[in-house]
Every structure is written in structure tokens, then in C-alpha cells.
Amino acid sequence: MAGSKMLSQDVADNIISMITIEKRFGAGDKLPNETELAHELNVSRTTLREAVRILVAYGVLEIRRGNGTFVTEKVLQEGEILGQLSDVKANAGDLYEMRLIFEPEAAYLAAVRGTDGEIRRILECGRRIEEAIRDGSDRTQQEQAFHKSIAQATHNEFMNKLMPILYQAISKGVALSAQGGQAVQDTVADHRLIMEFLSQRDAEGARSAMKIHILHAIRELGIQ
């Protein structure tokens, strides 16, 4: 029972991140249907319902019978704070330097602290990146979700607050990598290595793999 409650809380946190960090849903927006959202979050519909009940209790979501589940106005205040962070102007070099400082440690902590469900979500995000690359489609959202899910697994709230800034670096990297095949190849290989170490709970390996990944991007994208 305790494990179920922890998982539902993790799912609730993921939904909040979709709203406040990923900006996928705003006040008044309707969430995807239960089956679709449970599949995306890699959880059962029962666990998703428990997470939704938690967020309804906090006033973040509201259930409109016959219409679905909607985001309330309560998220606006936090969303505005995060929006101010994401408006920070920085060049690609500074952003990637920040990633080099921040993300290897996030990968280390994710390997140590992440729940099994959080690790599964990281792996699923990594697979979706590879699918987007194979399809030749824009993978920006999948890249952001991958790195955000790692930050979430650290269970450090301030790391999650910094993600909107890092999104700028990720977006720049995706745009620049479209100009060079080597960068895309490195992305796939590096992500697989990060995912392997995380799945094995090898914190030192995850830290090193993430550092190599960002150094590859800095080199290949020519943004030293």
C-alpha cells in the first residue's frame, strides 16, 4: 500500500511538471484521456486515478463529470514564476556550460534516488527520442522530457525549477544537430549509455555518460 501511495504521488508530480515545466497544459486545458495518459506515464489506470485525486485535493485539477479532467487556475502563479526563469537570455555556450555543471550530477542522483517508475519513464523517453530520429521528426519535446524526467528522479525541487532554463539549451542543440549527422549519431549512442547505467543503478557511470554526452554536443555543435 505504501508503495502504491508513493507511485501515485510520483505520477502527480509528473503531471504537475507537464503543466508548469513542459507547458503542455495551461489553466482551463483538458488533460488527455485516462488510457492515453496512463500509457504515456507508464502506469496503470488505477495509479493514474489516485494521482488525479491527489491533484484534485490540492486544487490543481478538477473533474467535470462527462467532460473530463481540467487544469484549474491555481497553477498560474507557479507557472508565471517558471516562465520568468525561462525568459532568461543566454547564448548557447553559456547554456551548455550550465548543462555540463548541472546534468551529470542530476544523472548521478537519479540513479541513486529515482523510483523504479521514474527510471522506467526515463527509458521510455529515451526510446521516443530514437523513434523521432528514425522518423525524421522534431524531437525537441522528447529531448526535453528525457532530461526533465532525469531531473525529477533526483527528488530535488530546485533542480526541477531550473529545467525551463535548460530547455533553451536543449532546443538550441536539437536545432543545431539537424545540420550535422555526427551529432545525431552521438545523441543516440550517448542516450543509450545513460539509459543503460540508470537501469543498472550505476550512479558513477550515469554521471560520466551524461558528461560525455554534453561534451560531445559542445564539440559537434561548435559552441565552445
Side-chain angles (χ1 to χ4, degrees), residues 13-14 16-24 78-114 118-119 121-122 125-126 128-129 132-133 138-180 182-195 197-198 202-224:
D13 290 341
N14 285 337
I16 289 176
S17 293
M18 288 178 174
I19 297 168
T20 61
I21 297 177
E22 296 179 44
K23 303 293 187 184
R24 287 177 55 184
E78 184 175 1
E80 287 168 359
I81 294 171
L82 292 170
Q84 291 171 6
L85 286 174
S86 64
D87 288 338
V88 172
K89 301 301 181 182
N91 63 42
D94 286 346
L95 286 167
Y96 268 83
E97 184 174 74
M98 183 177 176
R99 290 190 69 186
L100 192 57
I101 295 168
F102 171 85
E103 292 196 75
E105 296 307 312
Y108 179 96
L109 291 176
V112 173
R113 298 176 179 174
E118 287 168 337
I119 297 298
R121 187 174 189 215
I122 293 168
C125 289
R128 290 179 183 174
I129 291 171
I133 289 173
D138 181 17
R139 68 180 194 277
T140 302
Q141 183 174 329
Q142 290 85 351
E143 289 272 6
Q144 291 176 345
F146 178 75
H147 291 278
K148 185 264 293 183
S149 63
I150 292 174
Q152 282 186 322
T154 69
H155 293 252
N156 182 306
E157 185 59 28
F158 286 98
M159 286 191 176
N160 284 299
K161 297 290 188 185
L162 286 172
M163 285 311 295
I165 297 176
L166 296 186
Y167 278 177
Q168 295 183 55
I170 293 168
S171 298
K172 287 176 183 289
V174 171
L176 291 171
S177 70
Q179 303 170 15
Q182 185 61 49
V184 173
Q185 293 175 30
D186 283 343
T187 293
V188 172
D190 292 349
H191 280 188
R192 286 180 179 174
L193 194 58
I194 293 166
M195 292 158 64
F197 283 125
L198 287 173
D202 185 334
E204 291 290 352
R207 173 195 275 155
S208 297
M210 182 63 80
K211 182 176 182 180
I212 290 169
H213 172 47
I214 297 170
L215 287 172
H216 276 160
I218 290 172
R219 182 193 67 202
E220 297 297 336
L221 304 178
I223 54 175
Q224 291 93 333

(request) Write down the atom of Pro104, the atom of Ile214, and the distance for their closest heavy-atom approach. (result) CD-CD1, 4.2 Å

(request) Report the distance from atom OH of Tyr108 to atom CG of Asp202, rounding to the nearest 0.5 Å. (result) 10.0 Å

(request) Measure the spacing between OH of Tyr96 and CZ of Arg219 and express it to the nearest 0.5 Å. (result) 13.5 Å

(message) Show the nearest heavy-atom pair for residues Ala203 and Ala111, with the distance to one decimal.
(response) CA-CB, 3.6 Å

(request) Starting from the C-alpha separation in whole Å, work towards a yes-or-no answer on side-chain contact (heavy atoms from CB on, under 4.5 Å) for Phe102 and His147. (result) CA-CA 11 Å; Phe102 171 85; His147 291 278; over 6 Å; no

(message) Tell me the closest heavy-atom pair linking Ala153 and Ile122, and the distance in Å.
(response) CB-CD1, 4.2 Å

(message) Checking Arg113 against Glu118 for the side-chain contact (heavy atoms from CB on, under 4.5 Å) test, could you report, in this order, the C-alpha distance in whole Å, the side-chain angles of both residues, the deciding distance, and whether it holds?
(response) CA-CA 9 Å; Arg113 298 176 179 174; Glu118 287 168 337; over 6 Å; no

(message) How close do Leu198 and Ala206 get, counting heavy atoms only, and between which atoms?
(response) CD2-CB, 3.9 Å

(message) As a quick check of understanding, evaluate side-chain contact (heavy atoms from CB on, under 4.5 Å) for His213 and Glu103, giving each step before the final call.
(response) CA-CA 10 Å; His213 172 47; Glu103 292 196 75; over 6 Å; no

(message) To the closest 0.5 Å, what do you measure between CD (Gln142) and CD1 (Ile133)?
(response) 9.5 Å

(message) How long is the straight-line distance from OG1 of Thr187 back to CD1 of Ile129, given to the nearest 0.5 Å?
(response) 8.0 Å

(message) Minimum heavy-atom separation for Asp190 and Ile212, please, with both atom names.
(response) OD2-O, 4.1 Å

(message) Nearest 0.5 angstrom please: Leu193 CG to Met195 CE, how far?
(response) 11.0 Å

(message) Tell me whether Ser208 contacts the main-chain N or O of Gly205 through its side chain, where contact means a donor paired with an acceptor under 3.5 Å.
(response) no

(message) My understanding is that only residues two or more places apart in sequence, or in another chain, count here; which of them pass side chain to side chain donor-acceptor pair (under 3.5 Å) with Arg192?
(response) Glu130

(request) Quick one: pull up CE in Met159 and CD1 in Ile150 and give me the separation to the nearest 0.5 Å. (result) 11.5 Å

(message) For Arg207, give me all partners under side chain to side chain donor-acceptor pair (under 3.5 Å), at least two apart in sequence or on another chain.
(response) Glu105, Glu204

